[in-house]
Amino acid sequence: MSTPEENRSLNFIEQIIEDDLRTGKNESRVHTRFPPEPNGYLHIGHAKSICLNFGLAKKYNGLCNLRFDDTNPVKEEQEYIDSIKADVRWLGFDWEDREFYASDYFDQLYQWALQMIRAGQAYVCDLAGDEIREYRGTLTAPGRNSPYRDRSVDENLDLFDRMKDGEFADGSRTLRAKVDMASPNLNMRDPVMYRILHATHHRSGDKWCIYPMYDFTHGQSDSIERITHSICTLEFENHRPLYDWYIQQLGIYAPRQIEFARLNLTYTVMSKRKLLSLVKEGHVSGWDDPRMPTICGFRRRGYTPEAIRNFCARIGVAKFDGVIEIQLLEHCLREDLNRRALRVMGVLNPLKVVIENYPEGESEELDAVNNPEDPEAGTRKVPFSRVLYIEQDDFREDPPKKYFRLAPGREVRLRYAYFITCKDVVKDPKTGEVVELRCTYDPATRGGDSPDGRKVKATLHWVSAEHAVEAEVRLYDHLFTKENPEEADEGQDFTANLNPNSLEVLPSCYIEPSVAGAAAESFFQFERLGYFNVDSDSTSKKMVFNRTVTLKDTWAKIEKRGQG
RNA sequence: UGGGGUAUAGUGUAACGGCAGCACGACUGACUCUGGAUCAGUUAGUCUAGGUUCAAAUCCUAGUACCCCAGCCA
């Protein structure tokens, strides 16, 4: 038995594995697998499973397979297989040559079905779908045996053969395991092993018109691949007795199924069915819409694989079915991006600033550091001239208490440039809106420090109007307004909780010229505005940036507190 | 009136009969050419009721709450 010291900080799966390793089970091998059904794109919940399965294999010097659980041809497509492989790779995992398909086991599975028929453990059932349901009984009442349960082996063999040969219509017959119609576990009440499906499979084509069910496939696939620990989510707990039963009847290598709680995140949904409907009903632009919790959605949004992997490591693995706050994921991203994102200056909502005492038609270049946290990131030149843009939020005509930024008569620093003082405010005569600031600069403060030791309370980011890159910026908010959109009001569609303000497009933003030509999916922190990612999917002529995540905004907090 | 699971600060996760710890969040303060970051600090927890024990989150008993299962989906 294990001692507490050895087990400290291991999750429950690691404890099982280490116990197995100690007792020499499975020849002391660790072999896991990630087994998606190719019927949709991978989401952040799959990332948890991927990190777990590949992570465990790596930690214990084992292997992890990629296996497509493709036993239902009507839902599966090659497009999904391709996206799944791309997403797993992007996350940073490698299945090497171990890319498997349950459909490659169809022949073997068929032989095993024959073996069970011969052993009197399986029979062809002529009951229709609703009849099977009726015979199954309910949660509290036992089921009844099918009238076809006692067919002879020969008749079963003959019928099953003819099922395979396409003699019968979809739904007219099934192959069922003879287990126990009175079992309290409904999965054991003579589960269907094979159904008739005259459908073209994305890989095996029209070779088969009968397809094995999940339960008759998964454990055997694990067994064939000699998986030691078959890790799946909690809803399969009720299937474990069947998983074990098939393997025992067949007398084949027995992997161990272990269940853990799937990931739930606040302000989003995770079920493939719901994500599919968001795509199909046009609530989002596609599976890779930056608001989607899909892996490719997060990628386009500007999440890094490192951040997602780190997130998966932090949330841990347990059997408690809870909900993780999205703030933790955002924290992991900020943590990563803060280290690596280049800082550039950008203005989302421009306010024109004219430096009255700066000569017209002239400009100069100033040195700016690329990342204050990383000296190796170096410096760059930023052009300065008479007409600039600053952020509208950085000026208040009538500043509230504790507001340190620009206001009439006030002096602030333009980052890496000069101290400026606001002398005058120009308003639109019709709307009264502030449209321009007239300022003066102090040439002695070049670079951002005053030789006389004068201090300013705020530092603003800015861009030179004539040099700036015009860009389109997309600001994203949570996809749903509710923390748990699944808990929609009784009978209400979950889409009722979609956030109508989840996407805001700012068409006329100005970014300093150093970003020009930046590669897609590179990221920046626009000083104080958040982290941004160059969008790879842009059809606009301008550069398009997605805001990946905001910085923590202390001013918003101060303001809020003032009101409260 | 069935079966299978799960309960530890707001959230997630440790502690495996011996000081309830960590992270995120929230709140204070320091520092700062980003009101960011960083640093320091504060906050807050064992589902309930009994029992065993010198000692219980942990073992026992009885409850309670929540999740999953009646697809020819996975």
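Proteins come first, then strands; the chains are lettered A, B, ... in the order of their sequence lines, and each starts at number 1.
- Between A:Tyr211 and A:Phe106, the angle of the ring planes goes over 60°, which puts this pair in the perpendicular group of the 30/60° scheme.
- Evaluation of A:Phe320 against the base of B:rG12 yields no stacking contact (centre distance < 5.5 Å, interplanar angle < 30° required).
- Between A:Gln257 and the phosphate of B:rG4, there is no side-chain N or O to OP1/OP2 separation shorter than 4.0 Å.
- Taking A:Glu79 as the reference, A:Tyr41, A:Glu77 meet the side-chain contact (heavy atoms from CB on, under 4.5 Å) condition, with sequence neighbours excluded.
- Contact check, A:Arg314 against B:rG12: no side-chain N or O comes under 4.0 Å of OP1 or OP2.
- Evaluation of atom-type donor-acceptor distances gives a pair under 3.5 Å for the side chain of A:Glu527 against the base of B:rU34.
- Between the side chain of A:Asn238 and the base of B:rG5, no donor-acceptor pair under 3.5 Å is found.
- The listed nucleotides are B:rG2, B:rA74, B:rG25; the one nearest the side chain of A:Met213 is B:rA74.
- Secondary-structure annotation of RNA chain B gives the stems B:2-7 with B:64-69, B:10-13 with B:21-24, B:26-30 with B:38-42, B:47-51 with B:59-63, with a stem taken as at least 3 successive Watson-Crick or G-U pairs whose two distances both fall under 3.5 Å.
- For B:rG12, its base never sits under 3.5 Å from the side chain of A:Glu325 at any donor and acceptor pair.
- Judged by distance alone, with hydrogens and angles left aside, A:Gln327 brings no side-chain donor or acceptor close enough to the base of B:rU11 to form a pair under 3.5 Å.
- Nearest-nucleotide positions on RNA chain B place A:Thr459 closer to the 5' end than the other of A:Arg173 and A:Thr459.
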Distances under 3.5 Å only, N/O to N/O: pair up the protein atoms with those of nucleotides 64-67 of chain B.
unit_1: B:rC67; atom_1: O2'; unit_2: A:Asp321; atom_2: OD2; d: 3.1

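- Of the side-chain N and O atoms in A:Lys272, none sit less than 4.0 angstrom from OP1 or OP2 of B:rC73.
- Close to B:rA37, at under 4.0 Å from its OP1 or OP2, lies no side-chain N or O of A:Arg343.
- Residue side chain A:Glu235 does not reach the base of B:rG4 through any donor-acceptor N/O pair under 3.5 Å, judged by distance alone.
- Distance CZ (A:Phe34) to C1' (B:rA74): 12 Å, rounded to an integer number of Å.
- OP1 and OP2 of B:rU34 both lie 4.0 Å or more from every side-chain N or O belonging to A:Arg334.
- Across all strands, A:Asp215 comes closer than 4.0 Å to no nucleic acid atom at all (heavy-atom distances).
- A:Tyr135 carries A:Arg144 over the face of its six-membered ring, with the cationic atom under 6.0 Å from the centre and within 45° of the normal.
- Taking 4.0 angstrom as the limit, A:Lys319 places none of its side-chain polar atoms (N or O) nearer than this to OP1 or OP2 of B:rA7.
- Note: A:His239 and A:Tyr214 have perpendicular aromatic rings, judged against thresholds of 30 and 60 degrees for the angle between ring planes.
- Here A:Tyr194 lies out of heavy-atom contact (under 4.0 Å) with every strand.
- For the OP1/OP2 pair of B:rA74 and a distance below 4.0 Å, the side-chain nitrogens and oxygens of A:Arg195 include at least one atom meeting the criterion.
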Do A:Glu259 and A:Lys319 pass the salt bridge (Lys or Arg N to Asp or Glu O under 4.0 Å) test, and can you show the C-alpha distance, the side-chain angles, and the key distance before you say yes or no? CA-CA 7 Å; A:Glu259 310 85 10; A:Lys319 296 191 75 163; 3.8 Å; yes

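- In this structure, A:Thr71 reaches the B:rA74 phosphate: one of its side-chain N or O atoms is under 4.0 Å from OP1 or OP2.
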